[in-house]
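Every chain is numbered from 1, with letters handed out A, B, ... down the list of sequences.
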2 protein chains.
Amino acid sequence: MEHGIKPSYPRIKILEYLITKRSHPTVDEIYSNLVKEIPTLSKTTVYNTLNLLISANIVRVVASEENETRYDADVTSHGHFKCEKCGAIYDFRIDVGALKTDDLKNFKIKEKNVYYRGICEECLDNIENKI
Amino acid sequence: MEHGIKPSYPRIKILEYLITKRSHPTVDEIYSNLVKEIPTLSKTTVYNTLNLLISANIVRVVASEENETRYDADVTSHGHFKCEKCGAIYDFRIDVGALKTDDLKNFKIKEKNVYYRGICEECLDNIENKI
DNA sequence: TTTAAATTTGTAATTATTACATTTTTATTA
DNA sequence: TAATAAAAATGTAATAATTACAAATTTAAA
């Protein structure tokens, strides 16, 4: 694994899960799914691994208003949209460089997050169908 | 109180606290400070009241990557900057209308949040002073 | 003043996360 | 290969945030 992290089996599987299922899962989701494959997996290992991947900048936490920590293996700049109906989190391309503010001119900005809430296309369609 | 919420004493005090101290406090901060004035105050009331104010759109939660829910009585559009050193959250003016993305063209966007992380001016000054 | 409704309170339950000691695995070296 | 040391994973317990809910209190209405 990159960034000097030893590629143990659980670590590979956890990162793999994040990369393939791009659903911004919670610890619970990751654990519940992987424990089928790795019966000895413990939730603490999932926490440890995610925190390790975060400090290595391979994974980041999705900023939100909820008390659910969700993880994302895509650390390139993009926005997150959370659907209020189905709870899904969508990625979207956004140019955070276009965001300008004079208020922070003497601040050191390390990270810019953009987070939207609303109703996704699919749920809008479902609502319409039911009326 | 506006929005059809009955202005009880705890409710007024909680909203007043949020409006005057614009520090985006946690429930704990609000409770700890107000209990001095209102000795019978319970933390459940703080939670209840904040959730009530949120559903009335008088208060909003600050989106972040941390597991700390912080509240803001300013519901007009602005960004939040969190300092990694001192933990303070700063408001800043930002034109979220300038954010455009084609990826969400069939989505209903209800709320746009902008959240930055980094080091604030004050902490940058302190670091420089110590070197 | 009585009654009903709304609000607040306190305790218990739930959930997410971290702390930490123990066990297991992996890598190293004799 | 066996012994040893280091790293990683595990499981349990502790902590903290939040919600559920029933009881008590306050407020408003009749």
Starting from the 5' end of DNA chain D, give me the residue, Glu68(B) or Tyr9(A), whose nearest nucleotide shows up first.
-> Tyr9(A)
Would you mind classifying the nucleic acid contact of Thr69(B) as base, sugar-phosphate or nothing, using non-hydrogen atoms under 4.0 angstrom?
-> sugar-phosphate
Looking across every strand, which nucleic acid part, if any, lies under 4.0 Å from Thr40(B) by heavy atom: base, sugar-phosphate, or nothing?
-> sugar-phosphate
Counting any heavy atom closer than 4.0 Å, what does Asn67(A) reach on the DNA or RNA strands: base, sugar-phosphate only, or nothing?
-> sugar-phosphate
Where the side chain of Thr44(A) is defined as all heavy atoms beyond and including C-beta, which of dA19(C), dA17(D), dT9(C) is the nearest nucleotide?
-> dA19(C)
Please state how far atom NZ in Lys43(A) lies from atom P in dA19(C), giving the value in whole angstrom units.
-> 17 Å
Hey, does Phe107(B) have a side-chain heavy atom less than 4.5 Å from the side chain of Ile119(A)?
-> no
Sole candidate of Arg60(A), His80(A), His78(A) that passes side chain to side chain donor-acceptor pair (under 3.5 Å) when paired with Asn113(A) = Arg60(A)
Rounded to whole Å, CG of Asn48(A) lies from P of dA7(D) at a distance of 15 Å
Could you tell me whether Lys21(A) and Glu29(A) have a side-chain N and a carboxylate O separated by less than 4.0 Å?
-> no
Between atom CG in Leu50(A) and atom P in dA8(D), what is the gap in whole Å?
-> 16 Å
Comparing Asp28(A) with Pro10(B), nearest DNA chain C nucleotide closer to 5' gives the residue Pro10(B)
